[in-house]
Amino acid sequence: MTASLPLPDGTPAPEGAGVPRRAASRYELPARALDTSAEHPWPVRLLSRKIEQYVERMSPVWVEGQVVQLNRRPGTSTAFLTLRDTDQDMSLPVSAAVRVLDGKPLEEGAHVVVHAKPVFWSRRGTLQLQAREIRPVGVGELLARIEHLKRVLAAEGLFDADRKVPLPFLPRVVGLVCGRESKAEHDVVVNARARWPQVRFEIREVAVQGVHAVEQVGAALRELDARPEVEVIVVARGGGSVEDLLPFSNETMVRAAAACRTPLVSAIGHETDCPLLDLVADHRASTPTAAAKRVVPDVSEERSRVFQARARLRSAVEGRVAREQAALDAARSRPVLASPEVMLIDRADRVAALRDRGRRALDARLVRAAGEVGRLEGQVRALSPASTLERGYAVVQRADGHVVRSPDDVTTDDTVRVRLAHGALAARVVADHDHDHEPDHDHEPDRDGDAP
């Protein structure tokens, strides 16, 4: 028997193509992509057809982008254009009937929204949009979108004043992002070097309008910010229409500028122009010339300020010296400094007078003390036992040293010691006398009441 087996694309095999049933498993394909393997792969045609079927089920979609290529061939009913993402380097081809483009001022660089149906061409393996309607985005709508983005970024704090970094006083190297051979580059470089000839520039010439502006300006900012010798970055452009300045209000570029650690100066438009880059930059200059004046000082002006500062400093020093000299002269004119020996003489006189008073007081005190000593000496001499002995009295002591005050204190043959005014005698008691005789009126007891 023979059987019709499906081909890899799912179509039945033609009649007569007999294949043994036992070999049919070699041609059975996985039903899902998840089930494929190296032993059971899908052929390219099957994958392309499945992608085509999937894309055909997609609904028409509104897409926003920028026209970068537009081909209108005479005599054809179809025009081709390329629609590029405004933030990333991504694009899709778009085909549109000529009638869709009729009456619309569409040109390269225009910002549009397209109502299109995705189509996958399986033979070429490409995805394309078939446009059913194309609408250019008007200026009013663009401004409304910028205003909405401005509120979102402001709520995130990207425009806060505390994020602003002060510009250096005298940068050694200035990074400059500008258009190719643009007047903005000339204005910044010429004016900056006229003010400070030693300033150096790292210039990055990029697209400052059109579809590549966001990508190239962002890359230049990141490159210059990564160089440690670059101390300030200037983004310069000489103004333009709202459409020309749209890249500088792009969210991707604004966030790239906010991520810069190097101080950033925005010199995009004129005084009336205010793209979002001006708000996130550390300093906004109305023109490229104003930016040059802001990033570097004027050497002649700085020299003049130095001369003025030196003059003020000299005047201040001279005034201070004059005041101190006047104070010194006033101090020297005082009598105490004009004749300093007068003060010494006066102090010497006072010292001499005090010394004389002290000497006199001491002499008087010594005289009084000497008289008091003499008086006390007389009293002591009068009361001294030695004085009594000098008058002829004697002191009789027993051998044990006790004073004999009465005849009863000794007995016959007792040895006694007689103490005189000038020496002493040893005596022996021969006999004692009666006690009933009258005492000698000349007897004078000693100070302690002891009779000799």
Q: Dump the intermediate steps for side chain to side chain contact (heavy atoms under 4.5 Å, CB included) on R237 and Q209, then the final yes or no.
A: CA-CA 9 Å; R237 175 191 162 86; Q209 72 179 59; 3.0 Å; yes

Q: Applying side chain to side chain contact (heavy atoms under 4.5 Å, CB included), run through R84 and Q69 and close with a yes or a no.
A: CA-CA 9 Å; R84 184 185 182 277; Q69 287 182 349; over 6 Å; no

(Q) Let's go through H40 and E28 carefully: what are the C-alpha distance in whole Å and the side-chain angles of both, what is the deciding distance for side-chain hydrogen bond (donor to acceptor under 3.5 Å, both in side chains) to 0.1 Å, and is it a yes or a no? (A) CA-CA 8 Å; H40 297 84; E28 291 178 358; over 6 Å; no

Q: Any chance you could lay out the side chain to side chain contact (heavy atoms under 4.5 Å, CB included) test for V280 and F159, step after step, and finish with the verdict?
A: CA-CA 5 Å; V280 76; F159 305 150; 4.1 Å; yes

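A distance-only check finds no donor-acceptor pair linking the side chain of S95 to the backbone of Q130 [under 3.5 Å]. Put simply, the side chain of T36 gets close to the backbone of A33: a donor and an acceptor are under 3.5 Å apart. A side-chain donor-acceptor contact under 3.5 Å links R163 to the backbone of L158. At least one donor-acceptor pair under 3.5 Å links the side chain of K164 to the backbone N or O of A281. In this structure, the side chain of S48 does not engage the main chain of R45 through any donor-acceptor pair within 3.5 Å. Between the side chain of D160 and the backbone N or O of D162 there is no donor-acceptor pair closer than 3.5 Å. When atom types are taken as modelled, the side chain of K117 and the backbone of M58 share a donor-acceptor pair closer than 3.5 angstrom.
Contact between P43 and L29 at its shortest, heavy atoms only, is CD-CD1, 4.0 Å. Nearest heavy-atom pair, V230 versus T262, reported as atom, atom and distance to 0.1 Å: O-CG2, 3.7 Å. Scanning both residues, P118 and L129, for their nearest heavy atoms gives CA-CD2, 3.8 Å. Taking each heavy atom of D278 and I268 in turn, the nearest pair found is OD1-CG1, 4.0 Å. Across every non-hydrogen atom of E133 and W62, the tightest pair is OE1-CH2, 3.6 Å. The two residues V98 and T76 make their nearest non-hydrogen contact at CG2-O, 3.4 Å.
Rounded to the nearest 0.5 angstrom, L221 CG and Q216 CD are separated by 12.0 Å. Atoms CG and CG, on L276 and L245 in that order, are 11.0 Å from each other to the nearest 0.5 Å. If you take CD1 on I134 and NE2 on H115, they are separated by 12.0 Å, rounding to the nearest 0.5 Å. Between the CZ atom in R123 and the CD atom in E52 there is a gap of 10.0 Å [rounded to 0.5 Å]. Note: C178 SG to E205 CD = 5.5 Å, rounded to the nearest 0.5 Å. Taken from CG in L83 to CG in L70, the straight-line distance is 11.5 Å, to the nearest 0.5 Å.
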Could you go through residues 181-199 and list every donor-acceptor pair under 3.5 Å that involves a side-chain atom there, pairing it with any protein atom two or more places apart or in another chain?
from : atom 1 : to   : atom 2 : distance (Å)
S182 : OG     : G179 : O      : 3.2
S182 : OG     : E185 : N      : 3.3
K183 : NZ     : D187 : OD1    : 3.3
K183 : NZ     : D187 : OD2    : 3.4
N191 : ND2    : D187 : O      : 2.6
R195 : NE     : V296 : O      : 3.1
R195 : NH2    : K293 : O      : 3.3
R195 : NH2    : V296 : O      : 3.3

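Looking only at side-chain heavy atoms (C-beta outward), V208 and P247 stay at 4.5 Å or farther from each other. In this structure, E231 and L170 have side chains that are not in contact, with every pair of non-hydrogen atoms separated by 4.5 Å or more. Residues F169 and P297 have side chains in contact (heavy-atom distance under 4.5 Å, counting atoms from C-beta outward). At least one side-chain heavy atom of R261 sits under 4.5 Å from a side-chain heavy atom of D225.
The pair R320-E324 meets the salt-bridge criterion, since a charged nitrogen lies less than 4.0 angstrom from a carboxylate oxygen. Between R172 and E229 no salt bridge is recorded (no basic side-chain N to carboxylate O distance below 4.0 Å). Comment: R375 engages E372 in a salt bridge, judged by a side-chain N to carboxylate O separation of less than 4.0 angstrom. R360 and D363 are not joined by a salt bridge, as no carboxylate oxygen comes within less than 4.0 angstrom of a charged side-chain nitrogen. The residues R32 and D35 are annotated as salt-bridged, a charged nitrogen and a carboxylate oxygen being separated by less than 4.0 angstrom.
Within 6.0 Å of the CZ atom in R365, the count of heavy atoms belonging to other residues, nucleotides or ligands does not exceed 12.
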